[in-house]
Amino acid sequence: MEETKQPGKGNQHQPYYPLSIQAALLLKKLIAGETFAFSKIASKQIQPMIKENVLQCRLKGRTARMLYLPDAEVLAHYLDNVYGIKNLDEYIELRQKKEATRAENILITNHSKIISVRTFQGFLLNTFSPMALSVNGEERILQPSPGCFTFIYDYQTLQVPDDITLVGIENPANFRRIDEQKALFNGLKPLFVNRYPQSQHHDFIAWMQTNQHPYLHFGDLDLAGILIYQNEYLKKLGPDRCSFLVPESTQKLLHKYGNRELYDVQLPLSQQIIEAREQKNVQKLIEWIHTEHKGLEQEIFIKTS
């Protein structure tokens, strides 16, 4: 059973550690390059990391799903922002000590009795070419720089040009390597947005509701990806502003590289897709998914670019 300690009257002298030692040790092994059978992962704290694409699964053989870490830096940012853990090795060492001082807790985490915290509000931006925007009434130039992104904290004051299309990218890898996927956005002036790791706080949606820019969703081409688009964007921004990116090569890629296990696992979600199904390109995508009995993860557009 996974061990957790909750703050309360009965343990006033016990510091509260938000990440279990089991989960922390598993993450350390993933950082070292190990993979684990998804079916054997017991820690409930790993599930949100998979949902946020910090950790991912890939197919081994025909049915086995293996958990792996695609980017250690992304995990480091996630642990800092969500759990206040600044150094995983030091955190593990602290957890394994019989006694830890209050000062040690403060140095290694954000608080002496740490709870899950929100370090930042806002979202990340990326672009193909320099773009003028305004934050707090001050004009700035958003510069593309490989490996670096712009984080907008005071998002409430953000203003962008009227002729751009906001493109939401779910996967951090696609967001980081967007320059390799230029062909997908011909004819657009895109500004790319990645919610990670603030997605649970809906800052991007809150900002979108203050403007009228069109929104293009670039997510996984599977039933779960469509449902995310429907529930988190389409329902809140409306069909006049929202569209789902279905590249011309999707049907061929789905046939050649699609994942049958994704389809089998996600099939029950099909009944929940109602509003999105009314959009013609989404309807066509759903037909392809059902015909091929496969789902397609958006990373394929990096690999085939």
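- Criterion: ILVMFWY side-chain heavy atoms under 4.5 Å apart, direct or through other members. Under it, Met66 and Leu55 are not part of a common hydrophobic cluster.
- Contact of the Leu227 side chain with the Gln230 side chain is registered, since non-hydrogen atoms from C-beta on lie closer than 4.5 Å.
- Side chains of Arg176 and Phe149 form a contact here, defined as non-hydrogen atoms less than 4.5 Å apart.
- The pair Glu180-Arg177 meets the salt-bridge criterion, with a side-chain N (NZ, NE, NH1 or NH2) lying under 4.0 Å from an Asp/Glu carboxylate O.
- Side-chain atoms of Ile228 and Glu170, non-hydrogen and from C-beta on, do get closer than 4.5 Å to each other.
- Although no hydrogens or angles enter the test, the distance criterion places no donor-acceptor pair under 3.5 Å between the side chain of Lys294 and the main chain of Tyr263.
- Between Pro130 and Ile141, the closest heavy-atom pair is CB-CG2, 4.0 Å.
- Figure legend: Lys182 and Phe128 shown as a cation-pi pair, the cationic atom lying under 6.0 angstrom from the six-membered ring centre and within 45 degrees of its axis.
- For Ala132 against Glu139, the heavy-atom pair with the smallest separation is CB-OE2, 4.2 Å.
- Of all heavy-atom pairs spanning Met131 and Thr127, the tightest one is CE-OG1, 3.9 Å.
- Contact check for His290 versus Ser270: side-chain heavy atoms found under the 4.5 Å cut-off.
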Take Ile226 and Leu285, measure what side chain to side chain contact (heavy atoms under 4.5 Å, CB included) needs, and give me the verdict at the end. CA-CA 9 Å; Ile226 296 171; Leu285 173 60; 3.8 Å; yes

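- Side-chain heavy atoms closer than 4.5 Å link hydrophobic residues (I, L, V, M, F, W, Y) into clusters, and following such links, even through other members, never connects Leu59 to Leu296.
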Check the pair Asn171, Glu299 against side chain to side chain donor-acceptor pair (under 3.5 Å), reporting the backbone distance first and the verdict last. CA-CA 8 Å; Asn171 190 286; Glu299 294 97 320; 2.9 Å; yes

I would like to know whether Gln266 and Asp222 meet side chain to side chain donor-acceptor pair (under 3.5 Å); could you show each step before the answer? CA-CA 8 Å; Gln266 297 175 6; Asp222 56 23; 3.3 Å; yes

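- Contact of the Leu254 side chain with the Ile289 side chain is registered, since non-hydrogen atoms from C-beta on lie closer than 4.5 Å.
- Taking 4.5 Å as the limit, some side-chain heavy atom of Leu237 sits within range of a side-chain heavy atom of Gln209.
- Note that CG of Leu234 and SG of Cys242 are 5.5 Å apart. Values are rounded to the nearest 0.5 Å.
- Residues Leu221 and Phe244 meet the side-chain proximity criterion, which asks for heavy atoms closer than 4.5 Å.
- Annotation: salt bridge (charged side-chain N to carboxylate O under 4.0 Å, His left out) contacts involving residues 257-280, sequence neighbours excluded, comprise Arg65-Glu261.
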Report the C-alpha distance between Trp207 and Val193 in whole Å, list the side-chain angles of each, state the deciding distance to 0.1 Å, and finish with yes or no for side chain to side chain contact (heavy atoms under 4.5 Å, CB included). CA-CA 12 Å; Trp207 176 69; Val193 181; 5.5 Å; no

Show, in sequence, the C-alpha distance, side-chain angles and deciding distance for Tyr78 and Glu52, and conclude whether the side chain to side chain contact (heavy atoms under 4.5 Å, CB included) test is met. CA-CA 9 Å; Tyr78 180 91; Glu52 295 289 343; 4.0 Å; yes

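- Taking the six-membered ring for Trp, Phe175 and Phe192 have ring centres at least 6.0 Å apart.
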After noting the C-alpha distance and the side-chain angles of His213 and Tyr215, does the key distance pass the side chain to side chain donor-acceptor pair (under 3.5 Å) rule? CA-CA 6 Å; His213 290 284; Tyr215 173 74; over 6 Å; no

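- A side-chain N or O of Tyr229 and one of Gln279 form a donor-acceptor pair less than 3.5 Å apart.
- The cluster map of Ile, Leu, Val, Met, Phe, Trp and Tyr, joined by side-chain heavy atoms under 4.5 Å apart, puts Val265 and Ile50 in different clusters.
- Around the CD atom of Gln159, the shell of radius 6.0 Å holds no more than 12 heavy atoms that belong to other residues, nucleotides or ligands.
- Ring geometry for Phe204 against Phe123 counts as perpendicular: the plane angle is over 60°, on a 0 to 90° scale with 30° as the lower cut.
- The shortest side-chain heavy-atom distance between Phe218 and Gln181 falls under the 4.5 Å cut-off.
- Hydrophobic clustering, with ILVMFWY side chains joined whenever heavy atoms are under 4.5 angstrom apart, groups Leu19 together with Ile21.
- Across all their heavy atoms, Leu133 and Val160 have their closest contact at CB-CG1, 4.2 Å.
- Hydrophobic clustering of Ile, Leu, Val, Met, Phe, Trp and Tyr side chains at less than 4.5 Å, counting indirect connections, keeps Leu75 apart from Tyr68.
- For the atom pair Leu223 CG and Ile273 CD1, the distance stands at 5.0 Å (nearest 0.5 Å).
- Smallest separation of non-hydrogen atoms from Pro190 and Val167: CB-CG2, 3.8 Å.
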With side chain to side chain contact (heavy atoms under 4.5 Å, CB included) as the criterion, how do Lys189 and Thr165 come out once you've worked through the C-alpha distance, each side chain's angles and the decisive distance to 0.1 Å? CA-CA 6 Å; Lys189 292 184 178 179; Thr165 296; over 6 Å; no

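- A donor-acceptor distance shorter than 3.5 angstrom exists from the side chain of Ser20 to the backbone of Ala23, with no hydrogens or angles considered.
- Within 6.0 Å of atom CG in Asp154, more than 12 heavy atoms from other residues, nucleotides or ligands are found, so the atom counts as buried in its surroundings.
- Counting all heavy atoms, side chain and backbone alike, Glu90 lies closest to Asn87 at N-OD1, 2.9 Å.
- Between the side chain of Asp220 and the main chain of Gly225, no donor-acceptor pair closer than 3.5 Å is present.
- Atom NZ of Lys29 is surrounded by 12 or fewer heavy atoms from other residues, nucleotides or ligands within 6.0 Å.
- Side chain of Asp179 to main chain of Pro146: no donor-acceptor pair is present (N/O by atom type, distance under 3.5 Å, no hydrogens or angles).
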